[in-house]
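Counting convention: from 1, in listed order, for ligands and their atoms alike. Residue numbers run from 1 in the order of the sequence given. Scope of the values below: all heavy atoms of this structure, side chains included, with no hydrogens, waters or symmetry mates. Only a predicted model underlies this, so the values are computations on that prediction, with no experimental measurement involved.
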Amino acid sequence: MIDPFGRTVKGLRVSLTQRCNLKCVYCHHEGEGGGSSEMTLDEVLRMMRVAKSVGVRRVKYTGGEPLLRLDLAEIIGGTVAMGMDDVAITTNGTLLKQRAHALWDAGLRRINVSLPSVRPCVYASLTKGALAEVFSGIKIAKDLGIDVKINAVIMKDINDDEVDELLGYARGIGGALQLIELEDLNLDAEFFRRHYFDLSGVESRLSAMADRVETRGEMNNRKRYLIGSLTVEVVRPANSAHFCANCTRLRVTSDGRLKPCLMRSDNLIDALGPMRSGCSDSDIRRLFEEASKLREPYYRQAS
Ligand code: SAM
């Protein structure tokens, strides 16, 4: 599927639930607002099979908190069995301790864990969760052999002074680190105004520290800084025509709607309704193609 801007859809970001066991003050909820129902295991897997038939090769499961889905291991196992090149999840990590073994057995080899702070008090005030739970879940996942990337949204006057500690933590566990700029989506306007932190200064510092800098072609052409054994990425989507120009991702909401862009909710295509009304796989394929045609860069070069 190639969209009208010449961008091929290679990956899907699939929300499995809007339920979450944390209350992150900065959460953008993947651009979703109150969905009515969740896709079942069979519906998720059918959707992924069709997605694969139209060229999707990478699937990232998200939420809400995907580990709240008790059938997550079956979802992962089914998706891996289809022969996708990459199947991963993004999780807050609080339930990894209990679930990592089953996920490993199902074939999961890569996770992103949201960790905005390695200071227990800051973590608790941002998420209402317990940092120790996340640390032990990450350790178990790493010991099993799962690749862990830490996702840290960096916010002014909250954790912008913690970048070096996050680098140290990620290096210490043998993981990777992704520093993310706060996105203004589903957020209180005053919160965003106060806490948005421009990561360009951090990126220059990483550039100076790095032994090597690579560009990740398939992920918005973002840079990857290799500092000794540590890999660091910086995600700066806000107002970035470059980020959007290199987007190869389509989204699926937890209630089964195809979402062409994180930032928009006015062009969703319902695939779950038709599936529940008995449509064929080729009907779903057409819906994917329609969603791909609706993809357009949210931020563009001023002409
Ligand atoms: N519960 C899972 C988790 O914590 O990873 C999945 C959902 S969470 C919305 C997915 C990702 O979005 C996390 O990596 C989180 O850091 C990121 N995120 C949440 N709100 C954000 C915001 N306002 N700006 C940028 N990234 C955000």
task: Could you walk me through whether D281 and R46 pass salt bridge (charged side-chain N to carboxylate O under 4.0 Å, His left out), step by step?
output: CA-CA 8 Å; D281 282 0; R46 183 174 176 202; 2.7 Å; yes
query: For atom 4 (O) of ligand 1, what is the nearest protein heavy atom, given as residue, atom name and distance?
result: S114 OG, 3.0 Å
message: Give me the residue, atom name and distance of the protein heavy atom closest to atom 23 (N) of ligand 1.
response: Y26 O, 2.7 Å
- prompt: Hey, is E165 close enough to R119 for a salt bridge, meaning N to O under 4.0 Å?
  reply: yes
message: Quick check on the 6.0 Å ring-centre criterion: do Y169 and F135 meet it?
response: yes
query: Got a salt bridge between K60 and D86, using NZ or NE/NH1/NH2 to carboxylate O under 4.0 Å?
result: no
- line: ligand 1 atoms nearer than 4.0 angstrom to some heavy atom of T62 are 6 (C), 7 (C), 10 (C)
message: I'd like to check which ligand 1 atoms, numbered from 1 as shown, lie under 4.0 Å from a non-hydrogen atom of E65.
response: 1 (N), 2 (C)
message: Whether R205 and E203 form a salt bridge (side-chain N of Lys/Arg under 4.0 Å from carboxylate O of Asp/Glu) is what I want to check.
response: no
- prompt: For R13, is the nearest heavy atom under 4.0 Å from an atom of ligand 1?
  reply: yes
- prompt: ligand 1 versus T90, non-hydrogen atoms closer than 4.0 Å: side chain, backbone, both, neither?
  reply: both
- prompt: For ligand 1, is there an atom lying under 4.0 Å from some heavy atom of V153?
  reply: yes
query: Is D283 salt-bridged to R285, cutoff N-O under 4.0 Å?
result: no
- line: Within 4.0 Å of some non-hydrogen atom of G64, the atoms of ligand 1 are 1 (N), 2 (C), 6 (C), 7 (C)
statement: Exactly one candidate in T90, V252, I111, T79 meets side-chain contact (heavy atoms from CB on, under 4.5 Å) with Y61; the answer is T79
statement: For E183 and F192, the nearest pair of non-hydrogen atoms, with its separation, is C-CE1, 4.0 Å
- prompt: What atoms of ligand 1 come closer than 4.0 angstrom to any heavy atom of C27?
  reply: 9 (C), 20 (N)
- line: for atom 8 (S) of ligand 1, nearest protein heavy atom and its distance come out as E30 OE2, 4.0 Å
K149, H28, E32, E183: member with heavy atom nearest to atom 17 (C) of ligand 1: H28
- prompt: Would you call L182 a ligand 1 contact, heavy-atom distance under 4.0 Å?
  reply: yes
message: Could you check whether D143 pairs with K139 (Lys NZ or Arg NE/NH1/NH2 to Asp/Glu carboxylate O, under 4.0 Å)?
response: yes
query: Is atom CZ of R264 surrounded by more than 12 heavy atoms (other residues, nucleotides or ligands) closer than 6.0 Å?
result: yes
statement: Atoms of ligand 1 under 4.0 Å from any heavy atom of I180, numbered from 1 in the order shown, are 25 (C), 26 (N)
message: Using a 4.0 Å cutoff against the non-hydrogen atoms of N151, which atoms of ligand 1 qualify?
response: 14 (O)
query: Should the proximity of T91 to ligand 1, defined as any heavy atom under 4.0 Å, be assigned to the side chain, the backbone, both, or neither?
result: backbone
E181 neighbourhood, listing ligand 1 atoms whose heavy-atom distance to it stays under 4.0 Å: 24 (N), 25 (C)
